Amino acid sequence: MEIKFEPVPIEQVETDALVIVAFDKDSAGGLAFEAAKAANAATGGWIQELYESGEFAGKQFEVVVLHRPAGLKARRLVVVGGGRAAGFGSPELRLTAAAAFRALKPKGVRSVALALDGGDRLNDFAGAAAEGALLGDYEPDQYKTDKKDGVAIDLFSVVAPGQAGAIDGALARARILAGAQNFARALASEPANRLTPTLLAERAHQVCAENGLECLVLDQDRMRELGMGALLGVAQGSAEPPALIIMRYRPFEAPANAAHLGLVGKAVTFDTGGISIKPSENMDKMKFDMCGGAAVIGAMRAIAQLRPAIPVTALVPAVENMPGSRAQRPGDIVTTLSGKTVEVLNTDAEGRLILADALEYAKREGCTHLVDAATLTGAIVVALGHVHAGVFGSDQGLLDKVLGAARAEGEKMWPMPLDEEYKEQLKSAFADLPNIGTRWGGAVTAAMFLKEFADPLPWVHLDIAGTAWLEETKPYMPKGPTGIAVRTLVHLATDWPA
Ligand code: BES
Ligand code: ZN
Ligand code: ZN
């Protein structure tokens, strides 16, 4: 889909569908945006009439389509509800644009234009609108032989009168960010029979080749030589060999400071639980257990294209957690790459095991700051539901950077505690650490386990188990992978202070 900027008055926009945002009338007034006022004036008060008839109230994601609007060159005028005008920012616009776009997809529309106001938020708004359209365009339908949409929308333009050139940068960035996020979603939507650890490594390798990144994939033999007992222990129950994917981005110029960002992503291509096997109900969902890895690979694709000043290395441990005859057993003790021993009391707590070795390897790559993303615990879903990802960290400075990046990108993330007291749960009678704690505070003890391997580096952990997969279709997104964390990770790298 082409994304374009049209700096013309809305009356002159030639498009199949001109979208304007109108608000809840109880708040600051439905027509808070100049573009909505202009559309209302050009059409001789159509939008006002919509409100008065009670057919439209400006509620979030409400969509009304008017054909052949008087006074406009557009073939349709689409009024989309923005909800409350107060507090409407780029995160809300991203979702609103996506909802409008998704409402238009089945209507045979080929071109869509969204009218924005000028002002100091134009750049942010333009980027968010373009991202909304591109993200709204995504469909996890690669295995449907009968695709829902007959024709695709092939042009999306952002309309803002008299602002020529102002937002080209924002649109270019939006293309890269949304492209990377959709790429991560496409990886995540692959079922486990079509995306094994080996195939994931091939996909990552292709991203590297196409975007000028260095790529290195450690195979099972190399892992044995190095002593990655925790990662190998998880992998040994599957016929599919594991892979540790390493992707390196290096800026052209030596960076001013010595910071080197390491992004680590859990990629369990399928999590049966191993010998501590999961119940069969909803087990199909566990193909999503590589969403952290997909987010990191997607982020690296955007980072390669946006070229931040800081070097970034991605580490994605990829395995399948299966209960094969060679599988590790509860009670097994593995020696991690760091030298610490772990008693595997539950083979379903496998994410932290593979991350332990990846975090240690990240240190050996010279990373100075670590951020990991993982569908790590059911407990984070209990704590935060499907709204916020949980954020844990050992360093306030890095935590603030990550939370700031998440806020700027409209990805909901909530800080979680990591007090030393939780460590009391991590006691093993026979090894340095057990891989599980007690029943309580499971998301925290999982993070605490990771911290043992990230220390002493500043480190942040994103538990995306509740937010990586949308359980039910929303107006702005179909059921399936969300691509959470991609934009936050990219923002973190591109905004890293020089
Ligand atoms: N991949 C799961 C986490 C998960 C569980 C995500 C449910 C979404 C829904 C992870 O590997 C896992 O199984 N964790 C266990 C840990 C437990 C055995 C300590 C869990 O959360 O139940
Ligand atoms: Zn598990
Ligand atoms: Zn898992």
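Along the sequence shown, the residues carry numbers beginning at 1. Every number for a ligand or one of its atoms is a count from 1 in the order of the listing. Remember, it's a predicted structure, so these values are computed and weren't measured experimentally.
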### Nearest neighbour in protein (non-hydrogen) for atom 2 (C) of ligand 1
Asp271 OD2, 3.6 Å
#### Entry: Pair Lys266 + Asp289: basic N to acidic O under 4.0 Å
yes
### Summary
ligand 1 atoms nearer than 4.0 angstrom to some heavy atom of Glu350 are 11 (O)
### Message
Polar contacts were defined as any N/O atom of the residue lying under 3.5 Å from an N/O atom of the ligand; does this apply to Phe288 and ligand 1?
### Response
no
### Quiz item: cation-pi between Lys474 and Tyr476, 6.0 Å / 45°
no
### Task
State, yes or no, whether a side-chain contact exists between Tyr249 and Arg307 at a heavy-atom distance under 4.5 Å.
yes
### Message
I'd like to check which ligand 1 atoms, numbered from 1 as shown, lie under 4.0 Å from a non-hydrogen atom of Thr375.
### Response
1 (N), 2 (C), 3 (C)
### Query
Among the heavy atoms of Lys278, does any lie under 4.0 Å from an atom of ligand 1?
yes
#### Entry: Considering only N, O or S atoms of Asp271, the one closest to the Zn ion (ligand 2)
OD2
#### Entry: Pairwise side-chain contact, Met448 with Glu421, heavy-atom cut-off 4.5 Å (strictly under)
no
### Query
In Asp289, the N, O or S atom nearest to the Zn ion (ligand 3) is which?
OD2
### Task
Starting from atom 9 (C) of ligand 1, find the nearest protein heavy-atom neighbour and note its residue, name and distance.
Met286 CE, 3.6 Å
### Query
So between Ala465, Ala468, Gly351, whose heavy atom ends up nearest atom 6 (C) of ligand 1?
Ala465
### Message
At less than 4.0 angstrom from any non-hydrogen atom of Asn346, what atoms of ligand 1 do you find?
### Response
18 (C)
### Proximity winner for atom 15 (C) of ligand 1, if only heavy atoms of Asp348, Val381, Thr438, Asp463 are counted
Asp348
### Message
For a distance under 2.8 Å, tell me if Ala349 has an N/O/S atom near the Zn ion (ligand 3).
### Response
no
### Message
If we count only N and O atoms by modelled type, under 3.5 Å, do the side chains of Glu360 and Thr336 hold a donor and an acceptor together?
### Response
no
### Query
What residue and heavy atom of the protein are closest to atom 14 (N) of ligand 1, and at what distance?
Leu376 O, 3.5 Å
### Task
Please determine if Lys285 has a nitrogen or oxygen closer than 3.5 Å to a nitrogen or oxygen of ligand 1.
no
### Query
Going by distance alone, is a donor N or O of one side chain under 3.5 Å from an acceptor N or O of the other, for Glu409 and Thr488?
no
### Query
With a 4.0 Å cut-off on heavy atoms, is Arg352 touching ligand 1?
yes
### Query
In ligand 1, which numbered atoms sit nearer than 4.0 Å to a non-hydrogen atom of Lys266?
1 (N), 10 (C), 11 (O)
### Message
Using heavy-atom distances only, which candidate in Leu345, Val268, Asp289 approaches atom 1 (N) of ligand 1 most closely?
### Response
Asp289
### Message
Are Trp459 and Asp395 packed together at the side-chain level, in the sense that at least one heavy-atom pair is separated by less than 4.5 angstrom?
### Response
no
### Validation row: Phe449, Leu433 side chains within 4.5 angstrom (heavy atoms)
yes
### Query
Identify the closest protein heavy atom to atom 19 (C) of ligand 1: which residue and atom is it, and at what distance?
Ile436 CG2, 3.4 Å
### Query
Tell me: protein heavy atom nearest atom 22 (O) of ligand 1, and distance?
Gly378 N, 4.4 Å
### Query
Would you say the side chain of Tyr143 lies within less than 4.5 Å of the side chain of Ser189, judging by non-hydrogen atoms?
no
### Message
Nearest N/O/S atom of Glu350 with respect to the Zn ion (ligand 3), by atom name, please.
### Response
OE2
### Query
If you look at every heavy atom in Gly390 and Ile380, which pair is closest and at what distance?
CA-CD1, 3.9 Å
### Message
Can you classify the ring geometry of His388 versus Trp414 as parallel (below 30°), tilted (30 to 60°) or perpendicular (above 60°)?
### Response
perpendicular
### Message
Just so I know, are the side chains of Gln305 and Asn211 near enough to count as touching, which here means a heavy-atom distance under 4.5 Å?
### Response
yes
